[in-house]
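The structure under discussion appears below in the form of structure tokens.
Nothing fancy with the numbering, it's 1 onward along the sequence.
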Amino acid sequence: MKTGTVFVLVAFVILGMEMAFAQGRNGGGVKPGLCPKLPKDAIGLCVEKCSGDDSCPGEMKCCSNGCGHVCKRAIRVGGVYDPVE
């Protein structure tokens with residue numbers, strides 16, 4: 001196999017994995033509540049410790065840390081959990 005063909009195949013595999021990961025994050029399993037707001041200049045570690053709310057324990061949500069995503073305690077608004085938009 002030529003090097004160019006291998007490169008194209010690897011690129012398609014990576015693209016497919018990224019699309020599957022994005023669908024998993026936007027898919028079902030959204031828990032009630034909001035993620036804590038980050039300061040404008042927040043820069044977190046670029047690690048993905050969760051792939052959606054359903055990958056976090058209990059009432060914790062999968063939230064941005066400024067670069068990656070981590071499980072954080074959900075914020076209640078008005079005494080009840082509001083859904084994430």
Side-chain angles (χ1 to χ4, degrees):
M1 224 184 253
K2 293 185 178 181
T3 305
T5 305
V6 172
F7 178 73
V8 170
L9 289 174
V10 169
F12 278 123
V13 169
I14 291 171
L15 179 62
M17 290 172 57
E18 287 183 14
M19 289 174 58
F21 180 74
Q23 287 175 347
R25 176 171 305 206
N26 294 331
V30 176
K31 295 179 183 177
L34 300 172
C35 287
K37 290 192 178 186
L38 295 172
K40 286 184 179 182
D41 58 348
I43 299 175
L45 295 175
C46 296
V47 295
E48 296 294 334
K49 294 204 171 191
C50 56
S51 60
D53 289 352
D54 54 348
S55 67
C56 294
E59 294 179 350
M60 297 182 84
K61 296 184 64 64
C62 185
C63 302
S64 172
N65 67 1
C67 183
H69 290 85
V70 295
C71 294
K72 293 185 179 182
R73 183 180 299 268
I75 305 259
R76 284 198 263 178
V77 178
V80 295
Y81 288 108
D82 285 340
V84 172
E85 295 178 6

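- Within the 4.5 Å cutoff, side-chain heavy atoms of Pro36 are placed close to those of Cys63.
- Every residue two or more places apart in sequence or in another chain that forms a side chain to side chain contact (heavy atoms under 4.5 Å, CB included) with Cys71 is listed here: Cys50, Cys56, Pro57, Met60.
- The distance from the SG atom of Cys67 to the CD atom of Glu48 is 8.0 Å, given to the nearest 0.5 Å.
- Grouping Ile, Leu, Val, Met, Phe, Trp and Tyr residues whose side-chain heavy atoms lie under 4.5 Å apart, directly or via other members, places Leu45 in a hydrophobic cluster with Val47.
- In this structure, Asn65 and Val70 approach most closely via the heavy-atom pair ND2-CG1, 3.9 Å.
- The line from OG of Ser55 to NZ of Lys49 is 12.5 Å long, rounded to the nearest 0.5 Å.
- Taking every heavy atom of both residues into account, Ala74 and Lys61 meet most closely at CB-CD, 3.6 Å.
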